[in-house]
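Report on the structure given below.
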Amino acid sequence: MGFLIYPLPLKRLLSRIVNKLAKFAKKAQFQAVVQQLFCFILLILMSPIGLCEDITTLIVNRLYTGSEPTASLWEKLKQDGFKTVISVDGIRPDIETAEKNGISYIHLPIGYNEVSEERRQQLASALKHSKGPIYLHCHHGKHRGPAAAVIAALSNGAISQEEALTYLKEQETSVDYQGLWQAVRFSTPLKNIPEMEFSSYEPPGDLAETMAKLDRSWERVQKFRKVEWPTTLESHPDLVLSNELLLILEYLTESQRLSSTDENQRSGETQELHSAYTESLEAIKAFHTLSQDPSSQKSSLEKAYQKTSQSCKSCHANFRN
């Protein structure tokens with residue numbers, strides 16, 4: 001299957017094409033006409049690109065990325081003929097709404113710290129063999145979604161490394177998620193991409209799995225504490241304090257969302273747990289903000305650490321221990 005590559009924003013692509021085409025117009029008065037006509041044709045052929053600011057394009061008429069679909073976006077996807085939606089988010093996809101709109105859902109969740117080789121091959125297969133156009137999303141559409149999309153495209157040989165990294169930058173994928181960027185840099189074209197069977201919902205192991213990842217990041221934060229809060233560690237130059245805190249923030253947010261979908265939670269307990277999550281999230285957000293400021297005092301970082309630690313201990317005492 002061939003791909004029409006579109007790693008750059010629409011205006012930049014159009015500008016490059018029409019500028020080259022305009023060189024063939026020998027008379028200056030024809031250049032404006034050529035440009036307008038060619039832009040009009042491209043906008044028709046490349047539908048649905050450019051019709052919705054919530055959707056961005058990686059591969060024309062094939063792969064698009066964005067945030068978790070809202071009611072209006074579902075309507076948009078239906079109108080523009082999308083056939084497949086791929087979610088790399090952790091929570092259960094809205095399978096019922098997708099089915100009502102005649103769209104197939106594929107669930108291939110990934111984290112912020114890595115993308116396994118198995119998952120890379122699955123993303124590549126989903127892109128190659130699923131009916132298109134395809135809309136791929138995470139939660140906010142900025143980090144995991146764009147990363148998964150370019151990994152799938154790279155694995156199919158549809159875009160170059162330069163184009164992939166450019167796309168991530170344009171989607172404002174945070175450089176703090178080094179696991180995602182590393183997975184993109186290590187993605188190369190696959191020689192064989194077999195068709196695979198996918199589920200519309202891949203249940204997470206359980207909350208304990210996500211919390212275990214959080215605990216590992218918290219242990220790395222404690223390494224910084226032992227040497228009085230440097231931004232990086234000489235013994236572990238690959239570790240950055242703000243990066244670890246950001247991962248903890250994302251894991252905690254994901255845990256909250258997963259817990260809110262747990263049908264076994266009693267209503268009263270759910271409300272109490274939500275409040276506990278909110279308190280912990282506020283503490284870790286403040287801690288992360290401090291870690292990004294080079295002028296932050298060690299005493300301030302220690303206070304933020306203590307507040308976060310106490311918040312987590314309180315939550316564990318009530319809901320985990």
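Numbers here simply count residues along the sequence, with the first being 1. Quick note: numbers below take in every heavy atom, side chains included, and nothing from hydrogens, waters or symmetry partners. Nothing here was measured: the structure is a model prediction, and the numbers come from that model.
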Hey, are the side chains of [X] and [Y] touching, using non-hydrogen atoms and a 4.5 Å cut-off?
X      : Y      : value
Glu244 : Glu219 : no
Asn192 : Pro194 : yes
Phe224 : Leu239 : yes
Ile86  : His107 : no
Arg220 : Asn243 : no
Leu77  : Ile103 : yes
Ile106 : Val85  : no
Leu241 : Thr232 : no

CD/Gln306: more than 12 non-hydrogen atoms of other groups inside 6.0 Å: yes
Check this for me: Glu234, atom CD, are more than 12 non-hydrogen atoms of other residues, nucleotides or ligands nearer than 6.0 Å? no
Show your reasoning for whether side chain to side chain donor-acceptor pair (under 3.5 Å) applies to Thr56 and Tyr167. CA-CA 10 Å; Thr56 56; Tyr167 191 75; 3.0 Å; yes
From CA spacing to verdict: salt bridge (charged side-chain N to carboxylate O under 4.0 Å, His left out), Glu117, Arg120: CA-CA 5 Å; Glu117 177 60 23; Arg120 179 172 87 96; 3.1 Å; yes
If we check side-chain hydrogen bond (donor to acceptor under 3.5 Å, both in side chains) with Ser280, which of these qualifies: Ser311, Ser275, Ser255? Ser311
is_close_aromatic([X], [Y]), centroid dist under 6.0 Å:
X      : Y      : answer
Trp229 : Phe287 : yes
Tyr105 : Tyr201 : no
Tyr305 : Trp218 : yes

I would like to know whether Glu250 and Glu254 meet side chain to side chain contact (heavy atoms under 4.5 Å, CB included); could you show each step before the answer? CA-CA 6 Å; Glu250 295 296 350; Glu254 190 75 0; over 6 Å; no
Side chain to side chain donor-acceptor pair (under 3.5 Å) for Ser295 and Asp293? Distances and angles first, verdict last. CA-CA 5 Å; Ser295 64; Asp293 185 356; 2.7 Å; yes
So which heavy atom on [X] is nearest to which on [Y], and how close?
X      : Y      : answer
Arg119 : Glu202 : NH2-OE2, 2.6 Å
Ala124 : Leu190 : CB-CD1, 3.9 Å
Leu108 : Ala126 : CD1-CB, 4.2 Å
Gly90  : Pro109 : CA-CB, 4.1 Å
Ser187 : Gln161 : O-NE2, 3.3 Å
Cys138 : Val88  : CB-CG2, 3.8 Å

Tyr177 and His143 aromatic ring geometry - parallel, tilted or perpendicular at 30°/60° bounds: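 Perpendicular, since the angle between the ring planes exceeds 60°.
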Do Val221 and Val240 share a hydrophobic cluster, counting only Ile, Leu, Val, Met, Phe, Trp and Tyr and linking them when any side-chain heavy atoms are less than 4.5 Å apart?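 Not linked; separate clusters.
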